[in-house]
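Let me give you the structure first, and then I'll get to my questions.
Note that the structure is a prediction, hence the values are computed from the model and not measured.
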Amino acid sequence: MVTDVPEPSAELPESVLDPQRLAAVAASGLLDTAPEGAFDDLARLALAITGAQMAFFTVADGRRSFWKSAVGLDTSAGRENDIRDSPCHILIGTGRELIAEDAVTDPRIGHLAAVDALGIGAWAGYPVTSPEGQVLGGFCVIDRSPRPFSAEQTQALRTLARTVSSEIALRQALRQAQHSGDASAALARTLQDSLLPPRLPDAPGLDVAAVYLPAGTDAGEVVGDFYDLFRTRGQSWCAVIRFLRG
């Protein structure tokens with residue numbers, strides 16, 4: 001049951017307060033929880049790829065944007081801000097990524113309190129979704145100065161945001177399977193396939209191939225291996241390999 005939902009406000013898109021979305025946020029189990037290495041590692045990777053100074057994974061209910069991961073920022077004063085002050089509510093309202101190369105002059109976010117409070121010069125944010133497609137929050141990077149983001153950087157950030165969504169889906173499916181005692185090989189394989197790229201890109205000067213062999217011997221075991229290969233900056237490429245065991 002979702003409680004403490006504020007009255008609708010003209011400042012917020014209707015989808016922010018949608019009961020189904022708020023139920024999905026509650027079901028994620030991420031609000032008011034401690035930072036975790038799985039999400040912080042992805043945020044640090046985003047900083048390494050883009051050269052930005054701050055990276056966030058946020059989960060937003062009807063009142064606040066909770067910073068599940070906040071890398072590059074002192075969070076001793078708290079790990080959240082008002083949803084009305086955060087660009088996160090725009091991601092929820094549109095369901096699409098938002099790139100602001102000059103945050104102060106961008107009419108979409110320049111008026112938000114977070115721009116001044118966090119010293120946002122440039123902002124690149126991507127929706128993070130539940131298994132049912134509800135937007136839970138966002139994955140973003142912040143630069144203190146206005147700047148563009150290259151096509152390679154935005155593609156990498158899009159991949160990382162999708163990985164955050166997949167991690168959430170994997171955790172929820174594992175909890176449900178453990179609760180019901182009805183884990184199956186089909187579920188495990190479906191979840192695994194959702195994490196893997198459809199094909200690896202052609203990298204100049206490299207022979208690239210990947211083969212996935214399940215590590216588990218139990219037909220119903222749910223694992224969360226992930227790999228990807230993408231261009232970062234210039235002629236540099238980044239390979240990501242992650243292992244998760246339930």
Side-chain angles (χ1 to χ4, degrees), residues 1-33 35-36 38-40 42-43 46 54-71 79-100 103 106-109 111-115 118 120 123-142 149 154-173 175-176 191 194-195 226:
M1 179 178 180
V2 179
T3 59
D4 297 326
V5 177
E7 291 299 320
S9 168
E11 301 175 12
L12 293 175
E14 290 183 4
S15 51
V16 171
L17 303 177
D18 180 82
Q20 291 186 340
R21 194 194 76 82
L22 294 176
V25 170
S28 74
L30 295 171
L31 282 174
D32 299 313
T33 58
E36 296 182 51
F39 298 119
D40 284 353
L42 294 173
M54 291 175 276
F56 293 77
F57 160 42
T58 64
V59 183
D61 58 15
R63 294 184 181 277
R64 70 242 169 86
S65 178
F66 171 71
W67 307 336
K68 175 63 176 174
S69 179
V71 175
R79 294 169 51 213
E80 63 181 58
N81 60 349
D82 191 299
I83 185 63
R84 294 170 177 80
D85 297 337
S86 169
C88 192
H89 75 260
I90 303 175
L91 300 180
I92 297 170
T94 65
R96 298 191 300 271
E97 62 194 55
L98 190 156
I99 311 294
D106 193 299
R108 297 168 297 177
I109 70 170
H111 62 287
L112 299 178
V115 173
L118 297 178
I120 301 176
W123 195 84
Y126 299 77
V128 171
T129 60
S130 71
E132 300 78 24
Q134 298 287 343
V135 180
L136 304 175
F139 183 84
C140 71
V141 294
I142 293 173
F149 294 92
T154 57
Q155 179 57 47
L157 291 172
R158 198 174 294 118
T159 298
L160 293 175
R162 189 180 73 238
T163 303
V164 173
S165 298
S166 297
E167 175 89 2
I168 294 169
L170 202 73
R171 292 180 178 201
Q172 290 189 222
R175 287 199 301 268
Q176 292 168 1
L191 292 169
S194 73
L195 295 177
F226 168 81

- Identify the two heavy atoms, one from Arg171 and one from Ala38, that lie closest to each other, and give their separation to 0.1 Å.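 Of all heavy-atom pairs spanning Arg171 and Ala38, the closest is NH2-CB, 3.8 Å.
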- Task: Mind listing the closest non-hydrogen atom pair of Val71 and Ala43 along with its distance?
- Result: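 What the structure gives for the nearest pair is CG2-CB, 3.7 Å.
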- Close side-chain approach of Ile109 to Leu98, heavy-atom, < 4.5 Å: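 Contact flag for Ile109/Leu98 side chains = yes.
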- Query: Of all heavy-atom pairs between Leu30 and Thr33, which one has the smallest distance, and what is that distance?
  - Reply: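 That closest heavy-atom pairing would be O-OG1, 2.6 Å.
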- Message: So, taking the atom named CG in Leu42 and the one named CG in Leu157, what distance separates them when rounded to the nearest 0.5 Å?
- Response: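 Result: 11.0 Å between the selected atoms.
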- Over 60° means perpendicular and under 30° means parallel, so classify the ring planes of Phe39 and Phe57, tilted if in between.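 Correct class here is tilted.
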- Query: With a 4.5 Å limit on heavy-atom distance, are the side chains of Arg64 and Leu31 in contact?
  - Reply: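 Yes, close enough: below the 4.5 Å cut-off.
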- Message: Using side chain to side chain donor-acceptor pair (under 3.5 Å), reason through Gln155 and Arg158 one step at a time and then give a plain yes or no.
- Response: CA-CA 5 Å; Gln155 179 57 47; Arg158 198 174 294 118; 2.8 Å; yes
- Shortest non-hydrogen contact from His89 toward Leu112: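 Taking every non-hydrogen atom into account, CE1-CD2, 3.9 Å.
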- Task: Please say which of Ser69, Ser65, Ser86, Pro87 ends up in a side-chain contact (heavy atoms from CB on, under 4.5 Å) with Thr58.
- Result: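 Exactly one pass, corresponding to Ser65.
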- Using salt bridge (Lys or Arg N to Asp or Glu O under 4.0 Å) as the criterion, list what pairs up with Arg96, not counting sequence neighbours.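 Scan of Arg96 (salt bridge (Lys or Arg N to Asp or Glu O under 4.0 Å), adjacent residues dropped) gives none.
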- Query: Distance from Glu36 atom CD to Glu167 atom CD, nearest 0.5 Å?
  - Reply: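 The distance works out to 8.0 Å.
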Could you go through residues 131-141 and list every donor-acceptor pair under 3.5 Å that involves a side-chain atom there, pairing it with any protein atom two or more places apart or in another chain?
residue: Glu132; atom: OE1; partner: Ser130; partner atom: OG; Å: 3.1

- Calculate, to the nearest 0.5 Å, the distance between atoms OG and CG belonging to Ser15 and Leu22 respectively.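 The CG atom of Leu22 is 10.0 Å from OG of Ser15, to the nearest 0.5 Å.
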- Measure the CZ-CZ distance between Arg84 and Arg63 for me, rounded to the nearest 0.5 Å.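 Going from the CZ atom of Arg84 to the CZ atom of Arg63 covers 8.5 Å.
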- Task: Looking only at non-hydrogen atoms, find the nearest pair between Ile83 and Ala60 and report the distance.
- Result: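 Closest heavy-atom pair between Ile83 and Ala60: CD1-CB, 3.6 Å.
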- Message: Any non-hydrogen side-chain atom of Val25 less than 4.5 Å from a side-chain atom of Arg21?
- Response: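 In short, these two side chains touch, coming nearer than 4.5 Å.
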- Any Val16 side-chain heavy atom under 4.5 Å of Pro13 side chain: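 When only atoms from C-beta onward are counted, Pro13 and Val16 do touch, with a gap below 4.5 Å.
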- Query: Hey, does Glu80 have a side-chain heavy atom less than 4.5 Å from the side chain of Asp61?
  - Reply: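 No, side chains not in contact.
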- Task: Could you tell me the separation between the CZ atom of Arg108 and the CH2 atom of Trp123, rounded to the nearest 0.5 Å?
- Result: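 Result: 9.5 Å between the selected atoms.
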- Are any non-hydrogen side-chain atoms of Ile99 and Tyr126 less than 4.5 angstrom apart?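 Yes, their side chains come closer than 4.5 Å.
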- Non-hydrogen atoms of Ser28 and Ile168 that approach each other most closely: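 Closest heavy-atom pair between Ser28 and Ile168: CB-CG2, 4.5 Å.
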- Query: Which value, rounded to the nearest 0.5 Å, describes the distance between Leu12 atom CG and Asp82 atom CG?
  - Reply: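 One finds 8.0 Å between CG of Leu12 and CG of Asp82.
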